[in-house]
Participant: 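My structure is below; once you've seen it, I'll send some questions.
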Amino acid sequence: MWGGNHTVMQISPQGASVEFDCANGKIAGPMATDDSGHFDVAGTYSPEGPGPIREDKPRESRARYSGTVTGDMMLLTLRLEGSSEMLVSVSLTHGKPGKLRKCY
């Protein structure tokens, strides 16, 4: 488990699940780092919120999760695929539960 303000990430050898205050994400493969601790992996991002869900609009978007792991600290950034705009940038700590404020 990796946690921080507004984010919790659970990592396994098969991938990862990410919970944000008003969204969630999935990474379908291993999150391997290079020799410098950098990673850049494909995943999905799904916004959440109160109210009805439109069936004609997909909620899940393709996304890129990238960042750096140094010791028990991770800097995680998230961009939707095809966009240069950073949607999330957060520091996470290994073993920390994180603090979420779900928007349901």
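None of these values were measured; they are calculated from a predicted model.
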Participant: If every non-hydrogen atom of Thr68 is compared with every non-hydrogen atom of Phe39, which pair is closest and at what distance?
Facilitator: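 Scanning both residues, the minimum pair turns out to be N-CE2, 3.7 Å.
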Participant: Would you say the side chain of Met9 lies within less than 4.5 Å of the side chain of Met74, judging by non-hydrogen atoms?
Facilitator: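 In contact.
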Participant: Show your reasoning for whether salt bridge (Lys or Arg N to Asp or Glu O under 4.0 Å) applies to Lys102 and Asp21.
Facilitator: CA-CA 5 Å; Lys102 295 306 277 184; Asp21 287 346; over 6 Å; no
Participant: Do Ile11 and Tyr45 land in one hydrophobic cluster if side-chain heavy atoms of ILVMFWY residues count as linked below 4.5 Å?
Facilitator: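 Looking at the clustering, Tyr45 is in the same group as Ile11.
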Participant: The criterion is salt bridge (charged side-chain N to carboxylate O under 4.0 Å, His left out); which residues satisfy it with Arg79, sequence neighbours excluded?
Facilitator: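 Salt bridge (charged side-chain N to carboxylate O under 4.0 Å, His left out) list for Arg79, sorted by chain: empty.
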Participant: Just by distance, do the side chain of Tyr65 and the backbone of Met31 share a donor-acceptor pair under 3.5 Å?
Facilitator: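 No, Tyr65 side chain to Met31 backbone: no donor-acceptor pair under 3.5 Å.
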Participant: Say you draw a straight line from OG of Ser46 to CD of Glu60; how long is it, rounded to the nearest 0.5 Å?
Facilitator: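 Going from OG on Ser46 over to CD on Glu60, the span is 4.5 Å.
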Participant: For the atom pair CE (Met73) and CG (Leu76), what is the distance rounded to the nearest 0.5 Å?
Facilitator: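 With rounding to 0.5 Å, CE (Met73) is 12.0 Å from CG (Leu76).
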Participant: Provide the closest heavy-atom pair for Gly4 versus Leu92 in the form atom of the first, atom of the second, distance.
Facilitator: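 Taking Gly4 first and Leu92 second, the nearest heavy atoms are N-CD2, 3.6 Å.
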Participant: May I ask you to decide if the ring planes of Trp2 and His94 are parallel, tilted or perpendicular, using 30° and 60° as cut-offs?
Facilitator: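 Rings of Trp2 and His94: perpendicular, over 60°.
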Participant: Please report the closest heavy-atom contact between Pro97 and Val8, naming both atoms and the distance.
Facilitator: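 Of all heavy-atom pairs spanning Pro97 and Val8, the closest is O-CG2, 3.0 Å.
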Participant: Let me have the donor-acceptor pairs involving side chains of residues 80-89, under 3.5 Å, with sequence neighbours excluded, atom names and distances please.
Facilitator:
residue	atom	partner	partner atom	Å
Glu81	OE2	Arg62	NE	3.1
Glu81	OE2	Arg62	NH2	3.1
Ser83	OG	Glu85	N	3.1

Participant: Grab the two heavy atoms, one from Glu19 and one from Asn24, that are nearest each other, plus how far apart they are.
Facilitator: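 So the minimum-distance heavy-atom pair works out to OE2-CB, 3.6 Å.
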Participant: Considering all heavy atoms of both residues, which atom of Ala23 and which atom of Glu48 are nearest to each other, and what is their separation?
Facilitator: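 Smallest heavy-atom distance, with atoms named: N-OE1, 3.6 Å.
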Participant: Roughly how far apart are Thr7 OG1 and Lys99 NZ, rounded to 0.5 Å?
Facilitator: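 Thr7 atom OG1 to Lys99 atom NZ measures 12.5 Å (nearest 0.5 Å).
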Participant: Would you confirm whether Ser36, through its side chain, and His38, through its main-chain N or O, come within 3.5 Å as a donor-acceptor pair?
Facilitator: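 It does not hold such a pair.
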Participant: Between Thr77 and Gly67, which heavy-atom pair has the shortest distance, and what is it?
Facilitator: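 Minimum heavy-atom separation between Thr77 and Gly67: OG1-N, 4.5 Å.
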Participant: Quick check for you: to the nearest 0.5 Å, what is the distance between Asp40 atom CG and Thr33 atom OG1?
Facilitator: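 Rounded to the nearest 0.5 Å, the CG-OG1 separation comes out at 12.5 Å.
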